[in-house]
Amino acid sequence: MSSIQNDNFSFDEKSQGLAKIALAKYPNDRKQSAVMPFLDIAQRQNGGWLSQPSIEYVAEQLEMPFIKVWEVVTFYTMYNTKPVGKNFVQVCTTTPCWLRGSENIVKACKEIISENQCDVAHNNLFSWMEVECLGACVNAPMIQINDDFYEDLDYESTKNILQSLIDNKPLKIGSQIGRLGSRGANNAQ
Amino acid sequence: MKKIKVDNKEIEVDDHLTIMQACEEAGKEIPRFCYHDKLSIAGNCRMCLVEVEGAPKPVASCAMPINEGMSIRTNTEKVKKAREGVMEFLLINHPLDCPVCDQGGECDLQDQTIAYGAGHSRFNENKRSVKEKHMGPLIKTYMTRCIHCTRCIRFAEEVAGVNEIGAVNRGENMEISTYLEKTIDSELSANVIDLCPVGALTSKPYQFEARPWELKKTETIDVMDAVGSNIRVDTYGWKVKRVLPRLNEDINEEWISDKTRYACDGLLTQRLDEPYIRIENKLTTSSWSHALTKVTDLLNEYKADEIAFLTGDLCDLETLYLFKKLADQLKINNIECRQEGCNIPFTNQTQYSFNTKIANIEKSDCLIIVGSNVRQEAPIINARIRKHKITSNLPIAVVGENLDLTYDFTHLGDDLNVLSSILDGSHEFSKKLEAANNPMIIIGNSILNRDDSISIFSIIEQLIHKFKFFHESWNGFNVLQIAAARTGALNLGLFKQGNSLEKIYQSIEQNKIKLIISLGADELEFPRINKAKVIYIGTHGDRGANTADIILPSAAYTEKDGLYVNTEGRLQHAYKATFPPGNAKEDWKIINELSNMLSFDWGIIDLPNLRERLKSEHAELFEFDNNKINKYERLLANKAPTADFKNSNIEYLIKDFYLTNAIARNSKTMAECSLARNEAKD
């Protein structure tokens, strides 16, 4: 668990609404089934990562032992146990993206964000990390920034996207070469 | 019954068995790591693969139920290859450090590699290494050796009832850990060491102490609580190196408490090995003959009613018998074994025993616990209650402090007056008792040592006679004793009707009692007896010896053959694993010599001889039958009024689980455990 921790944690009004919806999907005596949506809600509220108080809060809400929630948190890669930047950049480097030049994307991230993965840089604006396949292989290479995919990237377009976030004028999400859905490169069907 | 074939041999087995159990019935050994009979089935080690006719792939036999007509093969080439493959995978990351591993010589992985392994590995890549985890003062971890069988996780969750161990991360990076590497807060935690099939979890106090084949093994009985867990004591030379559990389904199954396991290092420190006499307020060593002469002089000097005989928690039955004989011969009335201060004038064994028997807890359908912190007073019984609770959803109610007992219960408050409302039917819990066919009550000594104990006992007697606590096949009345010697001492009559420790204290304070012979009584309120002279017969330089004027050193429970009666009334033999230190003597011999010096002609020459006498006078002790239902004999007639208890809060007797007797108090390991628990609380 990270050495950086926030003091305490509890769901705000928005999270409580979401938690209620998640909880309603499961029978009363099976509320621990809602552990994954609860952790997701907590992570979103907590700025993209799960602190110790937030994990323990979720455990208490669902009447689960701390260790059982901690097992779930460490099992899934989409829960972050360390602080991340406001824009959390996940660069896919699995085979299809790698074949299409994902190392250039990594290079762009290193230049603009930070030399090392997971470092929070630019005054909390960014952190980046390499991840395994995000399931957009047809439009490889790609990155995910928070909930959004940016596809069909190269070194230049990645830099542009990151710069646009620094300038607070985000570029449009999706394919950066104008591809529609997963059509051929020239939008041929 | 189902008919199956195991290696072409036809057998008939129970319907609900798994393939592995059926194979065992057929006399075939199936190797395994993750499967354990007392835990749930995980099926993740894959070592138990067998071939089933018709199945395309080998089958994990621990998790597969049998079917009618199934034909199982355990000795084919395919099974052999499958086992070799599994072993090869398990050994990929396992270090080759058997020469420095404490598990060496009693390691499942080592044994099974020899029996089922291929003898070589084709793995040339890097091995992974895992950081050590902190799990408290008892469990030493070496997590690189872990093969992820998850037995420890399942034990903590299912038996100990503390959800504190888990598997974090995934795949190749999976590691077993406690949450944030905290100490496991359980009285049964060290059982995971026995469960671990490899050397990942080993014993911290025992690390690098000895090899299993160097140790002398003695099967004996534990005295740390009144459960009488069956244990094996391993000794190297004079020293007791470790204590391990033995299987006994009627008592401890295969678990023992951490105190049972680790208090044994207290047997090496602060031992009394010479007789001592206090001269000018300083204890000086003396010879046996001189010390015994002094004792006889004192016994002759004081009148019978100026002497009190007190016994402790760890005495064996033979010594208690002789002690009582000595008291009778000296016509001493002040004899008391109930150190916790119980003052009920018992008339029958059923009034102070665990009549239901430990194994029969699993037949109960309603349980009420009054004034007993079962988790600390008898962790093994608590584990049995938990086992029954989670398999049958037994309704449990507790009168007393609201503590974590590792299972859910209805807390009826710590006010004893609630008993009256249960009795008159106005309480909700009465309905549950009413509906139950085999209700049980467990009474702790915490409510039997008060001024108003008699009224409490009376109300409980009315309660148990109102509901179905007794019938032909059931006796649901239980008093949970906390001392190994207590039930036996009460059986032998080492107390007097109407007397109690409190009265003896008062007589001492009024100078009516001037001499105390203490047989290992270490839990007294010592400031209250300092007016009297004390002759202490015991093992440790502990509380009892500190105030003594004459000390006669005796043998601890591992150093003598002895009989012990557990809280159920079960008589068990303990055997001598090692010798008393220095000039210390076995307890019964001390009393016997004393009687010779007082010219009482008992004619007891050896232990078998003594046991014969004991048996002829107390035959009922030797007739324990686990299946017999003892008929409860009522102590108080229906006369006592329904009392309104003042000061009705219950204070539990055990303040610190790890430091309840002289041996435990002198154990370094127990001190560390106590410290770790107190630190965790703060």
Side-chain angles (χ1 to χ4, degrees), chain A residues 1-9 27-36 38-40 42-43 49-83 90 93-94 117-118 129-134, chain B residues 40 42 44 128 130-131 133-136 139 141 143 146 148-186 188-189 192 201 386 389-390 392-393 404-409 680-681:
Chain A
M1 214 171 265
S2 172
S3 54
I4 307 160
Q5 291 294 340
N6 47 9
D7 287 343
N8 45 40
F9 181 91
N28 257 339
D29 57 339
R30 295 272 189 281
K31 37 173 164 175
Q32 68 270 32
S33 302
V35 64
M36 291 190 60
F38 263 58
L39 286 168
D40 183 51
Q43 173 158 300
W49 70 292
L50 288 162
S51 60
Q52 188 188 335
S54 65
I55 291 166
E56 290 174 5
Y57 177 79
V58 169
E60 278 158 14
Q61 293 300 304
L62 301 173
E63 292 167 30
M64 290 171 77
F66 294 163
I67 183 74
K68 293 288 157 202
V69 180
W70 182 235
E71 281 181 327
V72 175
V73 171
T74 55
F75 186 87
Y76 293 100
T77 51
M78 283 165 79
Y79 298 120
N80 299 311
T81 53
K82 283 184 199 144
Q90 301 179 65
T93 54
T94 307
Q117 292 188 58
C118 302
M129 73 186 283
E130 284 185 33
V131 296
E132 298 304 323
C133 185
L134 290 168
Chain B
S40 63
N44 55 12
R128 74 173 204 154
V130 185
K131 256 173 69 181
K133 302 281 184 296
H134 174 76
M135 285 198 186
I139 303 162
T141 65
M143 299 319 281
C146 178
H148 303 153
C149 69
T150 68
R151 277 186 187 178
C152 50
I153 302 178
R154 283 175 283 148
F155 174 83
E157 194 173 319
E158 292 159 17
V159 181
V162 288
N163 258 307
E164 287 173 19
I165 310 182
V168 300
N169 300 321
R170 64 153 125 176
E172 155 125 274
N173 299 318
M174 178 173 152
E175 294 177 9
I176 303 289
S177 174
T178 53
Y179 182 65
L180 304 179
E181 297 195 29
K182 282 183 183 149
T183 304
I184 306 171
D185 186 25
S186 166
L188 296 168
S189 66
V192 298
L201 307 176
R386 180 183 154 77
K389 168 77 188 172
I390 58 173
S392 74
N393 205 15
D404 178 13
L405 293 178
T406 72
Y407 41 79
D408 292 334
F409 55 82
K681 262 188 210 156

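Chain naming here is simple, since letters A, B, ... match the order of the sequence lines and numbering starts at 1 in each.
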Tell me which donor-acceptor pairs under 3.5 Å the side chains of residues 27-35 of chain A have, and how far apart each pair is, sequence neighbours excluded?
residue: Lys31(A); atom: NZ; partner: Glu63(A); partner atom: OE2; Å: 3.2
residue: Ser33(A); atom: OG; partner: Arg30(A); partner atom: O; Å: 3.1

Heavy-atom count around Lys82(A) NZ within 6.0 Å, excluding the residue itself: above 12?
no
Against chain A, residues from residues 150-157 of chain B with at least one heavy atom under 4.5 Å, in numeric order, are Ile153(B), Glu157(B)
Checking heavy-atom separations under 4.5 Å from chain A, one finds in residues 163-173 of chain B Asn163(B), Glu164(B), Ile165(B), Gly166(B), Ala167(B), Val168(B), Asn169(B), Arg170(B)
Minimum side-chain heavy-atom gap Glu175(B)-Thr74(A) below 4.5 Å = no
Contacts of Phe66(A) meeting ring-ring contact (aromatic ring centres under 6.0 Å, His included) (sequence neighbours excluded), chain-then-number -> Tyr179(B)
